[in-house]
Colleague: 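Just passing along the structure, written as structure tokens.
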There are 2 protein chains.
Amino acid sequence: MTESVQTASRQEQKERTRQAILASALELTRTEGFAQISLRQVARHAGIVPTAFYRHFDSMDELGLALVEQSFSTLRRMIREAQRDPKVFDNIIDAAADVLVEAVKHSKAHFAFVARERVGGSAAVRRAIQHELDLFVSELAVVLARLPNIENWATEDVQMVSRLFVRNMVSNAEEVVEMPDGRPDLEEKIKEGARRQMRLIVIGFRDWKS
Amino acid sequence: MTESVQTASRQEQKERTRQAILASALELTRTEGFAQISLRQVARHAGIVPTAFYRHFDSMDELGLALVEQSFSTLRRMIREAQRDPKVFDNIIDAAADVLVEAVKHSKAHFAFVARERVGGSAAVRRAIQHELDLFVSELAVVLARLPNIENWATEDVQMVSRLFVRNMVSNAEEVVEMPDGRPDLEEKIKEGARRQMRLIVIGFRDWKS
DNA sequence: AGATTGAGTGAACGTGCGTACACTCAAAGT
DNA sequence: ACTTTGAGTGTACGCACGTTCACTCAATCT
């Protein structure tokens with residue numbers, strides 16, 4: 001119970017090393033894909049000896065799952081913050097496009113990791129990402145179900161539209177990830193494209209089954 | 001010029017081995033992702049010694065590019081055949097959904113390869129796939145531009161819609177790839193989802209900018 | 001003050017890898 | 001009938017890998 005300032009030191013140091021490992025893996029994943037980076041590479045980049053890796057993760061696969069968790073918690077935080085902004089109610093489409101581009105730009109490495117490992121990763125990592133995305137679809141469906149044109153749709157139709165939105169969000173995120181830095185024109189182009197796609201879908205809403 | 005029956009023998013044998021290498025790589029890629037299968041694995045699976053691999057490809061990267069080419073030529077042939085079918089004019093949406101599911105089912109391994117390596121592969125393979133997909137978007141845009149509601153749209157709007165279609169085609173293909181065999185119910189569900197998404201977009205067309 | 005814990009070390013292992021090199025031996029060319 | 005060609009062989013190399021094991025030594029606990 002006498003833990004206060006000094007007690008933190010050991011735990012803190014361990015946590016710092018853990019974060020260094022995560023950051024190193026993310027950095028190395030920028031160019032290579034998680035499945036082809038090695039435990040030794042990660043350890044080297046994090047400034048520790050290969051065996052020390054095992055003090056933090058049982059295997060590279062567990063490190064991958066930790067990265068998935070970290071990536072999605074980042075994204076969730078950003079979306080929660082954006083929802084507080086009142087202007088999203090006025091123009092949900094423009095707001096969504098802005099949030100998307102900003103979020104991806106802010107944590108590019110995380111998004112690049114998710115985009116790539118969603119289809120290319122190990123089975124475990126792939127499943128974890130798919131699960132998170134499925135959660136997203138369901139959450140978004142709840143939000144959509146409250147919109148004027150949609151409130152009396154069949155549940156499965158709302159789910160479908162939600163999938164359509166998330167799917168396009170993922171695709172647009174991929175584009176932003178591959179966007180070179182310092183090109184605000186390209187960024188604006190992607191935003192504009194995203195806005196148009198969403199508008200198109202929303203227009204489809206209005207006349208759905210009419 | 002005296003090449004007739006016997007002359008083919010050497011060439012034929014070489015071609016047969018080449019196809020064995022391609023097929024082996026495709027087979028191994030089912031579970032592992034192209035970047036993490038080794039030259040030696042491919043050679044072993046194809047029934048040759050590792051060094052013999054070099055008689056056919058300079059590197060694994062070139063093998064990957066050959067697989068991209070093979071995959072897309074398969075897809076192109078299928079779409080060309082489907083376009084001859086007169087019923088695609090009556091109901092282009094249902095026809096597209098059918099073609100998609102059938103094509104992916106017919107050469108699942110090729111589609112799985114493309115879907116995975118599109119984002120997870122080496123830079124060269126990724127670029128090759130992106131190039132092929134860009135071609136597809138342009139080709140589809142030409143077809144779309146002839147449709148009644150679209151004929152006087154701005155070119156960039158048509159391109160955007162075309163991207164939207166191809167993007168969703170890719171996503172749906174991913175779903176079919178991950179679909180377990182012998183589940184016609186799941187297959188029909190994916191088809192139905194694809195139909196709905198396309199209908200939604202088409203409805204958006206009608207009222208675009210009105 | 002002394003004992004315990006546990007993050008990080010360093011050497012060593014077996015394995016699979018890509019690639020080099022010199023080779024065989026039928027088919028194809030002359 | 002001979003030479004040439006070239007797909008496929010077999011050995012051998014150096015290297016990076018994941019994992020093992022016995023270790024150090026400062027922070028923490030008693």
Side-chain angles (χ1 to χ4, degrees), chain A residues 1-25 27-29 31-67 121-125, chain B residues 1-25 27-29 31-67 121-125:
Chain A
M1 291 292 172
T2 31
E3 55 189 28
S4 59
V5 184
Q6 292 107 345
T7 313
S9 178
R10 279 253 259 202
Q11 292 177 357
E12 267 179 13
Q13 181 50 43
K14 179 165 188 183
E15 183 57 23
R16 223 174 291 136
T17 303
R18 191 187 134 95
Q19 291 304 323
I21 292 174
L22 286 164
S24 297
E27 169 71 22
L28 292 168
T29 298
T31 48
E32 286 205 63
F34 184 75
Q36 45 243 293
I37 67 174
S38 67
L39 186 152
R40 285 177 110 106
Q41 274 178 57
V42 174
R44 213 177 302 134
H45 195 279
I48 56 171
V49 104
T51 34
F53 176 93
Y54 292 107
R55 300 282 180 199
H56 302 272
F57 301 98
D58 277 357
S59 64
M60 284 295 283
D61 238 51
E62 286 212 9
L63 171 58
L65 294 179
L67 276 174
S122 76
V125 170
Chain B
M1 289 295 176
T2 30
E3 54 189 27
S4 58
V5 185
Q6 293 107 342
T7 312
S9 178
R10 278 253 259 201
Q11 292 177 356
E12 268 179 13
Q13 181 50 43
K14 178 164 189 184
E15 183 58 25
R16 223 175 290 136
T17 305
R18 189 190 136 95
Q19 290 304 323
I21 292 174
L22 285 164
S24 298
E27 169 71 23
L28 292 169
T29 299
T31 47
E32 287 206 64
F34 185 74
Q36 46 242 293
I37 68 174
S38 66
L39 186 153
R40 286 177 110 106
Q41 273 179 57
V42 173
R44 213 178 299 134
H45 196 277
I48 56 171
V49 102
T51 34
F53 176 93
Y54 293 107
R55 300 284 179 197
H56 303 272
F57 302 97
D58 277 357
S59 64
M60 284 296 282
D61 237 49
E62 287 211 10
L63 171 58
L65 294 179
L67 277 174
S122 75
V125 170

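What you see is a predicted model, and the numbers here were worked out from it, not measured in a lab. We use all heavy atoms of the structure for the numbers below, so side chains are in, but hydrogens, waters and symmetry mates are not. Just so we're on the same page: letters track the sequence lines, and every chain starts at 1.
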Colleague: What distance do A:T51 atom OG1 and A:R40 atom CZ have between them, rounded to the nearest 0.5 Å?
Modeller: 9.0 Å
Colleague: First locate atom NE2 of B:H56, then atom OG1 of B:T17, and finally report the distance between them rounded to the nearest 0.5 Å.
Modeller: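 If I round to the nearest 0.5 Å, the distance is 5.0 Å.
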Colleague: Would you check if the side chain of A:Q36 reaches a backbone N or O of A:E32 as a donor-acceptor pair within less than 3.5 Å?
Modeller: yes
Colleague: Rounded to whole Å, please give me the gap between CD in B:E15 and C1' in D:dA7.
Modeller: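 It works out to 14 Å between those atoms.
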Colleague: Taking atom P of D:dA16 as reference, at what distance in whole Å does atom CD1 of A:I37 sit?
Modeller: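 Nearest whole value for this atom pair: 17 Å.
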Colleague: Please check the phosphate of C:dG16 (OP1 and OP2 only) for any side-chain N or O of B:S38 closer than 4.0 Å.
Modeller: no
Colleague: Using a 4.0 Å heavy-atom cut-off across all strands, classify A:R44 as base, sugar-phosphate, or nothing.
Modeller: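 Sugar-phosphate, backbone atoms only, no base.
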Colleague: Could I get a table of every N or O pair under 3.5 Å where one atom is in the protein and the other is in nucleotides 1-4 of chain D?
Modeller:
none

Colleague: Please give, in whole Å, the distance from D:dG14 C1' to B:R40 CZ?
Modeller: 12 Å
Colleague: Could you check how far CG of A:L39 sits from P of D:dT19, rounded to whole Å?
Modeller: 7 Å
Colleague: Would you give the length of the straight line joining atom CG of B:L65 to atom OG of B:S122, rounded to the nearest 0.5 angstrom?
Modeller: 7.0 Å
Colleague: Would you please say whether a donor-acceptor pair under 3.5 Å links the side chains of A:R16 and A:Q13?
Modeller: yes
Colleague: Reckon A:Q11 has a side-chain N or O less than 4.0 Å from the OP1 or OP2 of D:dA27?
Modeller: no
Colleague: Provide, to the nearest angstrom, the distance between the CD atom belonging to B:Q19 and the P atom belonging to D:dA7.
Modeller: 15 Å
Colleague: Does a side-chain N or O of B:T17 approach OP1 or OP2 of D:dG8 to a distance below 4.0 Å, or not?
Modeller: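 For D:dG8, OP1 or OP2 has a side-chain N or O of B:T17 closer than 4.0 Å.
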Colleague: How many Å lie between CD on B:Q13 and P on C:dC25, as a whole number?
Modeller: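 The answer, rounded to whole Å, is 17 Å.
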Colleague: Round to a whole Å and report the spacing from CG of B:D61 to P of C:dG18.
Modeller: 13 Å
Colleague: Enter the distance from B:F53:CZ to B:E62:CD here, rounded to the nearest 0.5 Å.
Modeller: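 The distance works out to 9.0 Å.
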Colleague: Tell me: CD of A:Q36 to P of D:dC17, nearest whole Å?
Modeller: 13 Å
Colleague: Among residues 46-59 of chain B, which residues get a heavy atom nearer than 4.0 Å to DNA chain D?
Modeller: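 Output list: B:I48, B:V49, B:T51, B:A52, B:R55, B:H56.
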Colleague: What is the minimum heavy-atom distance between A:A43 and A:P50, and which atoms define it?
Modeller: CB-CA, 3.8 Å
Colleague: Any side-chain heavy-atom pair from A:Q19 and A:L22 closer than 4.5 angstrom?
Modeller: yes
